[in-house]
Asker: 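Structure below; questions to follow.
Convention: sequence-line order gives letters A, B, ...; per-chain numbering from 1.
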Amino acid sequence: MNDKPADSPAKGPDYAPTLYLPVTDFPMRGGLPQKEPEILARWKAIDLYGKLRSTSAGRPKFVLHDGPPYANGNIHIGHALNKILKDIVTRSQQMLGKDSNYVPGWDCHGLPIEWKIEEDNYRSKGKPKPDFTNPAAMIAFRQECRAYATHWLGVQREEFVRLGVTGDWANPYATMAFPAEAQIAREIMKFAANGLLYRGSKPVMWSVVEKTALAEAEVEYEDHVSDTIWTAFPVRTLRERSMDSTRAAMEKSGEGALDIEGVDELFAEINAASVVIWTTTPWTIPANRAISYSRKIAYSLYRVTEAAADNWAKVGGLYILADRLASDVFKSARVENFERVRAIDPRDILACSHPLNHRAAGYEFDVPLFDGDHVTDDTGTGFVHTAPSHGRDDFDVWMSNQRELIARGIDTNIPYTVDADGYYTAEAPGFAGKRVIDDKGKKGDANDAVIAELLAAGNLIARGKLKHQYPHSWRSKKPVIFRNTPQWFIAMDKPLPQTRNESLRDLALKAIKETRWAPAFGENRINGMIANRPDWVVSRQRAWGVPIAVFVKKGGHEILIDEIVNARIAQAFEQEGADAWFADGAAQRFLAPEYDPDDYEKIDDVLDVWFDSGCTHAFTLEDDEHFPGLAGIQRVRDGGADEIMYLEGSDQHRGWFHSSLLESCGTRGRAPYDVVLTHGFVLDEKGQKMSKSVGNVVAPQTVIKDSGADILRLWVAASDYSDDLRIGPEILKTFIETYRKLRNTMRWMLGSLAHFNASERVAFNDMPELERLMLHRLVELDSLVREAYLTFDYKRVIAALSAFMTSDLSAFYFDVRKDSLYCDPPSSLVRQAALTVIDEIFQRVSTWFAPILAFTCEEAFIARTGSADSSVHLQTFPATPAEWRNDELAAKWRVIRNARRIVTGALEIERASKRIGSSLEAAPVVYVADDSTRAILASVDFSEVCITSGLTLEAGEGPEDAFRDAEAPGISVAPVRASGVKCARSWRYFDPAFADPEFPEVSPRDARALRELKAKSA
RNA sequence: GGGCGCGUAGCUCAGCGGGAGAGCACUUCCUUGAUAUGGAAGGGGUCACAGGUUGGAUCCCUGUCGCGCCCA
């Protein structure tokens, strides 16, 4: 079987040393986990970042403005995706000819860090939570938070750098940096000055025990027994006497049409009825301002026909209820019998009376009915009591109906019915001093007082108890309440000064249209959110943040707007950080001498962190002093050549893209970005989200340790990041395989190029067709790769280049040319032309891949150039001469390669039958029916192309038993074994009659080579 | 429950009204001078499912299911 058994030394000398075999130190296996850190050290040593800046100074800027990750904890695979994608963008833009400067940043303020500090530094040590009314304690706590954020910023920076991300890691931005805090304060002052910042109120989760507001994440749901009540709201005003909606509802339920008398009767009945609500928080009744219904629910009017004489719900009582719930309600109300009178549409009811009306002064107002998405007919009555002071849904319904409330003359104010200690205020008439929850977290006397009054008013029809899941403070484990609190808002719909009566919402919607969204559906997504969002709540009653650094005139709502005071505040923040706001005597320091600090309230609320991050453009892209590398950005829309991109996960349509848009539109009238690119989320191999409990988490640190960062980078580039990405052991395995294939092809080029002298470079016009074909392919790929990088379509780069490297290079061009490259004499034009072309290919492939395989391409660059201080990343994509394009040649070679497939197919049959092994053992006869096809094949060395020792072309269809394939009609192949003897050097069969007498066991070509080599070494 | 997306070979992705494709993986064979490499041939898909539009649908429309993000 084997031509060269190990025990046949008679074959003569070993010719391997006389061949130009590939020679390289570039290892076949990357050893990336070890190699990559060395390359990182090199980048640092040669100051790659500095060199990138100096070589690209003056070019158009491409600014990928970093969305700041939160500085707590190690990075996860989602961070890795985000940063690698950013790095591919940054590096490719640089190689496309831009000055692409990436300045990373961090989000540092906020709740999660506060909790962590409270837990680690206080609770676990048994220390009480610091008293934030004490300036010293406040500042000490803030400094602990700062230290924590600083620590994690450092950890994450190392992890990001390890991914191969290039950027100004020595000078990142941070929302907690003093200049940043100063600028954030200046930005909120701008909203004060333009009139959009106002103080309103909103219900928040409140712990009476701890006297603090809680975030959703600080709340846990536990079983709790609540008082429940069914309360009647007497109908007060009907929309129209015609009762159109209700009559339509009756027709729908098959009750037929009404005549005029019938309508009058209907009108009278409903006027005498009550809408019934059910609630688990009786204490919120004094704060009730509306009733919510759902237009998806069927309602009817019901009459009590049988009940005990002392029952709360009397015989003859008329109640409006959801049909699905009526019998449950009457059962709870101990009604023995009832009848359904007719279908009702609640839209016909304009307002009810408050059930406590007449029990105390202050409940005379109309209680309107509104449609609410949160209303269901699963439990209760189908109507939901709505107290905007005490519930999120309640608040939202109330706020989204402001226009109608104003039109109807209803007071839109949201009452402060309960104070911080859980006591009713005077805004709950008749109940002041009663308590909802006491200091110990126990139920107070409020519910009982309300229930007694409702009963006295005749509007209580049932009561009970319910055990259900209810929010409790994560810390004290005591129940919490929703409580109206003063908050600061940015108005969405108020006209801005210096605009044509445009609101922040108008400007933001316009800015969305002017921005390029990729993928395009991002525009829809953010547009819908901006169009529908309520006013922006920017205040938090917290410690670790930038304060809403304004003063409010005592006894009024007026915010002090004074340039001198503002400058003083910003100046202090710049020097000392925002701690200055909380220091003892701050009001005096900032207000005096112009104002008397006793006349002003210093606002100690801090800004929501989304406002912080919404300001990153202001304190990074516009701060030439601290970020000189970004100085002087001139955006295309301003007549310049620079572009600003934001790139984050698709969740940031509601997050950072959104807050940055609003912040920038409110202060600058336009978006802070020109292009917004979004990516999906990382899921496991089955497309499910990762979680520790499921055990499907892939940690980037593990992948890097086992396989290297370039594998992760290849995964990011090859995946469709506009959708969700999947990762897991099997997926990683296939990318590792792909990587090996690419690496080895690079390695072979490096090994071959070891024998290439620039002085032997062959001119384009002297090259064989096969070389010119490869150069043509480079022209095609050049435009494809540039186009793909310009459109951020990296998977296309990977698909095109890996197909090129495997199919065109490895399996075809390199395979064909090995004979010349290894065996030809040094002077061979074919050999020199092939090396010239391989050099051109290598230059391009190694730069085209560099933005993705940042480490490997650098390693290859070093192996090729031996450079001690340069880098592949300092190159731009090499220009590819247009004269290399030759579509005619490409078409011709498609014919040749198609014919080649028939030959290799025929040889495969011979191989299976053990008649040949290597293709060099064959010299087939190829029959070509078509004259022009045959002429094409005759014009090249088709034997060389097929890697056979000989090949004969014949006209005609060929014999019956010749090999043929439907894909190439008219071509057939008769396999013939190569005749002659096998060349001991090239392994090709040759006719010994032509052997060189001096080198009889090698072919004449090899003899020439040996002679030349001998002469050279002499 | 609502909004925005996605569902094509084992994996990653093309295609997008008229032949279901590529690279990797897999199987078999060859090479042993890219050698823990290289070459060749081959197998593998009811294009999530169900309706509809069309002379014709993976592609257009509607619905269902599954998955994700954002809300509720």
Asker: Per the side chain to side chain contact (heavy atoms under 4.5 Å, CB included) rule, which among A:Asp720, A:Asp723, A:Asn82 passes with A:His679?
Answerer: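 Looking at A:Asp720, A:Asp723, A:Asn82, the match for A:His679 under the side chain to side chain contact (heavy atoms under 4.5 Å, CB included) is A:Asn82.
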Asker: Mind calculating the distance between CZ (A:Phe26) and P (B:A34) to the nearest angstrom?
Answerer: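 Between P of B:A34 and CZ of A:Phe26: 17 Å.
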Asker: Hey, is the side chain of A:Arg29 poking within less than 4.0 Å of OP1 or OP2 on B:U37, counting only N and O atoms?
Answerer: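 A:Arg29 to B:U37 OP1/OP2: no side-chain N or O under 4.0 Å.
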Asker: Would you kindly give the OH-to-P distance between A:Tyr822 and B:G33, to the nearest whole Å?
Answerer: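 So the two atoms are 10 Å apart, to the nearest Å.
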Asker: If you only use heavy atoms from C-beta on, which nucleotide in B:A40, B:A34, B:A72 is closest to the side chain of A:Met28?
Answerer: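 Per side-chain heavy atoms of A:Met28, the pick is B:A34.
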Asker: Nearest to the A:Lys689 side chain among B:G39, B:G68, B:C11, which nucleotide is it?
Answerer: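 Comparing B:G39, B:G68, B:C11 against the side chain of A:Lys689, the answer is B:G68.
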Asker: Within 45 degrees of the ring normal and closer than 6.0 Å to the centroid, is that where the cationic atom of A:Arg831 sits relative to A:Tyr20?
Answerer: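 Judged by the rule (NZ or CZ under 6.0 Å from the ring centre, within 45° of its axis), A:Arg831 counts as positioned above A:Tyr20.
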Asker: Under 4.0 Å, counting only non-hydrogen atoms across every strand here, what does A:Leu683 touch: a base, just sugar-phosphate, or nothing?
Answerer: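 If one applies the 4.0 Å heavy-atom cut-off, A:Leu683 turns out to touch the sugar-phosphate alone, with no base involved.
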Asker: Could you check whether A:Gly751 gets within reach of a base, just the sugar-phosphate, or nothing at all, counting any heavy atom under 4.0 Å?
Answerer: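 Contact class for A:Gly751: none.
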Asker: Indicate, with yes or no, if the rings of A:Trp656 and A:Tyr646 have centres closer together than 6.0 Å.
Answerer: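 Here the rings of A:Tyr646 and A:Trp656 have centres that are less than 6.0 Å from each other.
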Asker: Taking the side chain as every heavy atom from C-beta outward, state whether A:Pro975 and A:Ile909 have any pair of such atoms under 4.5 Å apart.
Answerer: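 They are not in contact (no side-chain heavy atoms under 4.5 Å apart), so the answer is no.
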Asker: Please tell me whether A:Phe395 and A:Phe482 form a close aromatic pair, meaning their ring centres lie under 6.0 Å apart.
Answerer: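 So the answer is no for these two rings.
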Asker: For B:G33 and A:Tyr20 - does any side-chain N or O of the residue sit under 4.0 Å from the phosphate oxygens OP1/OP2?
Answerer: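 No, outside the criterion.
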Asker: State which of B:A14, B:A34, B:C71 makes the closest approach to the side chain of A:Arg654.
Answerer: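 For A:Arg654, the side-chain atoms sit closest to B:C71.
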Asker: What integer distance in Å separates A:Leu809:CG from B:G38:P?
Answerer: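 Between P of B:G38 and CG of A:Leu809: 13 Å.
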Asker: Measure CD/A:Glu921 against C1'/B:A40 and give the value in whole Å, please.
Answerer: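 After rounding, the gap between these two atoms is 14 Å.
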Asker: Does A:Arg747 make a side-chain N or O approach to OP1 or OP2 of B:U35 shorter than 4.0 Å?
Answerer: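 Result: yes.
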Asker: So if I define the base as every atom that isn't primed, P, OP1 or OP2, how would nucleotides 2-8 of chain B read as a B/S/- string at a heavy-atom cutoff under 4.0 Å?
Answerer: -BSSS--
Asker: Is any N or O donor-acceptor pair between the side chain of A:Ser752 and the base of B:A34 shorter than 3.5 Å?
Answerer: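 No pair found.
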Asker: Does the B:A14 base have a donor-acceptor partner in the side chain of A:Lys795 within less than 3.5 Å?
Answerer: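 In this structure, the two groups form no donor-acceptor pair.
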Asker: In whole Å, what is the span from the CG atom of A:Asn532 to the P atom of B:C70?
Answerer: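 Whole-Å distance recorded here is 18 Å.
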Asker: Between B:G23 atom C1' and A:Leu742 atom CG, what is the distance in whole Å?
Answerer: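 So the CG-C1' distance, A:Leu742 to B:G23, works out to 10 Å.
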Asker: For the C1' atoms, the ones on B:G39 and on B:G51, what distance do you get once it is rounded to whole angstrom?
Answerer: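 It comes out at 50 Å once rounded to the nearest Å.
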Asker: Between A:Ser919 and A:Thr948, is any side-chain donor less than 3.5 angstrom from a side-chain acceptor?
Answerer: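 No - no donor-acceptor pair under 3.5 Å links their side chains.
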Asker: Determine whether A:Arg985 and A:Leu1010 make a side-chain contact, defined as any pair of heavy atoms from C-beta on separated by less than 4.5 Å.
Answerer: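 Result yes, sub-4.5 Å side-chain heavy-atom pair found.
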